[in-house]
Amino acid sequence: MLTIALSKGRILEQTLPLLEKAGLTIAKKELSSRKLILDTSLTDVQVIIIRATDVPVFVQHGAADVGIVGKDVLLEHGSNNLFEVLDLGIAKCKLMVAAESKDKLKQNTLKIATKYVNLAKRYFQNKDQSCEIIKLYGAMELAPKVGLAHCIVDLVDTGNTLKANGLIPLEHIEEISSRLVVNAASFKTKNVQIKSWTQNIEHSL
Ligand code: AMP
C-alpha cells in the first residue's frame, strides 16, 4: 500500500485535477466524508489530507510514503529524511518581505511578523540585519498596521491582500510552488511503485 499525504486548502484544489490526470481519483463521497484516510481509484494507493505543515512530518517519519506540499513549508521545516523529487508547478506564489513603506525596513532591530520563523531568521541573518521575529499563525498583514511589527514575511500571489491592507511587496525571498516529496526509506523499498506513479504525474504536468 502506498500512502500519499496531501496538503489541505489552496494546494488541494490544484492537486486533485493533477492526480486525476495521472490516473488517481478520489470519489466525491470520500472527499466529503469525515474519514481521515481516503480510498482512491487505485486499490494499492490511499490518501490522507492534512495541514500543509504536517505533511513533511508524516513523510519524514514514514507515516506517508509520498507527500505534496509547498516549497515554503519545506524550507521552513527542513528536508531531513525526505527527497524532493518533482516540482509540480502548482500553487505558485512568491515569498516576500512587505511593509507600509521602504523606510520601515530601516531599523536597527527589525520586527518581523511571520509564520516562517526559521526562513525569516535565515534571510535576515544572511543580510546581517538584526531582527526580532514575532510568530503569528494568520492575518500577518494586520501586524504593521497595529504596530506589532515593522514588516511581514508572507506568501504573495496576486498582491491583493497586501494592497487591501496598505502594504507594499519590497523584497523577494523565494519563488514558491508545490513539490512532490518521498520518504527516504520508501524511495528504496517501494521504488518501482513510487517511480511509476511519479512518472505518471510528471507526464501529466
Ligand atoms: P494574494 O492576495 O493573492 O496575494 O494572496 C495572499 C494570501 O493568500 C496570503 O494570506 C497568503 O498567505 C495566501 N497565499 C497566497 N498564495 C498561496 C499559496 N500558494 N499557498 C498558500 N497560501 C497562499
Side-chain angles (χ1 to χ4, degrees), residues 5-15 49-61 64 67-181:
L6 303 182
S7 303
K8 263 185 197 168
R10 195 185 283 235
I11 296 183
L12 187 65
E13 284 166 31
Q14 296 183 41
T15 304
I49 299 177
I50 53 184
R51 283 179 76 127
T53 45
D54 289 338
V55 169
V57 181
F58 275 66
V59 176
Q60 255 174 359
H61 292 277
I68 292 180
V69 66
K71 182 69 181 175
D72 53 321
V73 176
L74 290 175
L75 288 170
E76 176 65 14
H77 181 86
S79 297
N80 254 355
N81 215 23
L82 54 83
F83 300 135
E84 188 183 315
V85 296
L86 210 54
D87 181 351
L88 300 174
I90 55 169
K92 282 187 176 178
C93 58
K94 294 173 196 303
L95 188 72
M96 308 237 13
V97 180
E100 286 173 328
S101 72
K102 213 167 180 176
D103 282 351
K104 300 277 183 187
L105 299 186
K106 293 179 189 150
Q107 309 288 340
N108 288 334
T109 299
L110 190 62
K111 281 203 269 181
I112 303 146
T114 188
K115 61 178 172 183
Y116 301 104
V117 173
N118 300 322
L119 247 166
K121 233 183 241 168
R122 269 203 310 270
Y123 176 73
F124 286 102
Q125 261 168 12
N126 284 342
K127 284 166 47 106
D128 283 328
Q129 166 70 58
S130 160
C131 63
E132 181 190 337
I133 310 279
I134 296 154
K135 168 130 191 176
L136 292 180
Y137 292 88
M140 257 67 74
E141 295 84 1
L142 188 59
K145 215 138 212 139
V146 295
L148 185 59
H150 299 116
C151 65
I152 66 168
V153 167
D154 198 13
L155 299 178
V156 180
D157 181 13
T158 60
N160 289 340
T161 309
L162 291 184
K163 210 172 181 182
N165 291 287
L167 298 177
I168 310 165
L170 292 168
E171 293 178 15
H172 176 255
I173 303 179
E174 289 279 348
E175 285 294 315
I176 303 296
S177 57
S178 299
R179 310 296 161 100
L180 193 128
V181 293

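The first residue of the sequence shown is numbered 1, and numbering continues consecutively from there.
- One distance of note links CG of L12 with CD1 of I49; it measures 5.0 Å at 0.5 Å rounding.
- Atom NZ of K163 has 12 or fewer neighbouring heavy atoms from other residues, nucleotides or ligands inside a 6.0 Å radius.
- Contact detail for K92 and S177: the closest heavy-atom pair is CG-CB, 4.0 Å.
- The structure places CG of N118 at 9.0 Å from CD1 of I133, a figure rounded to the nearest 0.5 Å.
- A distance of 6.5 Å separates CD1 of I68 from CD1 of I90, quoted to the nearest 0.5 Å.
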query: Does the side-chain contact (heavy atoms from CB on, under 4.5 Å) test come out yes or no for L95 and Y123, once each step is laid out?
result: CA-CA 11 Å; L95 188 72; Y123 176 73; over 6 Å; no
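- To the nearest 0.5 Å, atom CD of residue E141 and atom CD1 of residue I152 are 4.5 Å apart.
- When all heavy atoms are compared, the tightest approach of A98 to P169 is CB-CA, 4.1 Å.
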field: Derivation and outcome, side-chain contact (heavy atoms from CB on, under 4.5 Å), residues R122 and L75
entry: CA-CA 10 Å; R122 269 203 310 270; L75 288 170; 4.1 Å; yes
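- Here K106 contributes atom NZ and S101 contributes atom OG; the two are 8.0 Å apart, rounded to the nearest 0.5 Å.
- Smallest separation of non-hydrogen atoms from A149 and K111: CB-O, 3.4 Å.
- Contact of the P56 side chain with the V181 side chain is not registered, since no non-hydrogen atoms from C-beta on lie closer than 4.5 Å.
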task: Evaluate the criterion side-chain contact (heavy atoms from CB on, under 4.5 Å) for residue pair V55 and I50; output intermediate values, then yes/no.
output: CA-CA 7 Å; V55 169; I50 53 184; 3.7 Å; yes
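- Annotation: R51, atom CZ; neighbour count of heavy atoms from other residues, nucleotides and ligands within 6.0 Å does not exceed 12.
- In this structure, the separation between CG on L105 and SG on C131 is 12.0 Å, given to the nearest 0.5 Å.
- No side-chain heavy atom of V69 sits less than 4.5 Å from a side-chain heavy atom of V59.
- Of the possible donor and acceptor atoms, none in the side chain of Q60 sits under 3.5 Å from a partner among the backbone N and O of N81.
- Side chain of R179 to backbone of L74: no donor-acceptor contact under 3.5 angstrom is found.
- Of the residues K104, K102, K94, K127, the one that meets the salt bridge (Lys or Arg N to Asp or Glu O under 4.0 Å) test with E171 is K127.
- Evaluated for a side-chain contact (heavy atoms from CB on, under 4.5 Å) with C151, the options I112, T114, L170, L167 yield exactly one hit, I112.
- Between V156 and C93, the shortest heavy-atom contact is O-CB, 3.3 Å.
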task: Please assess I173 against Y116 for the test side-chain contact (heavy atoms from CB on, under 4.5 Å), listing each intermediate value before the final yes or no.
output: CA-CA 12 Å; I173 303 179; Y116 301 104; over 6 Å; no
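- With respect to K71 and E84, a salt bridge is recorded, a charged nitrogen being found less than 4.0 Å from a carboxylate O.
- For the pair M96 and L162, the minimum side-chain heavy-atom distance is 4.5 Å or more.
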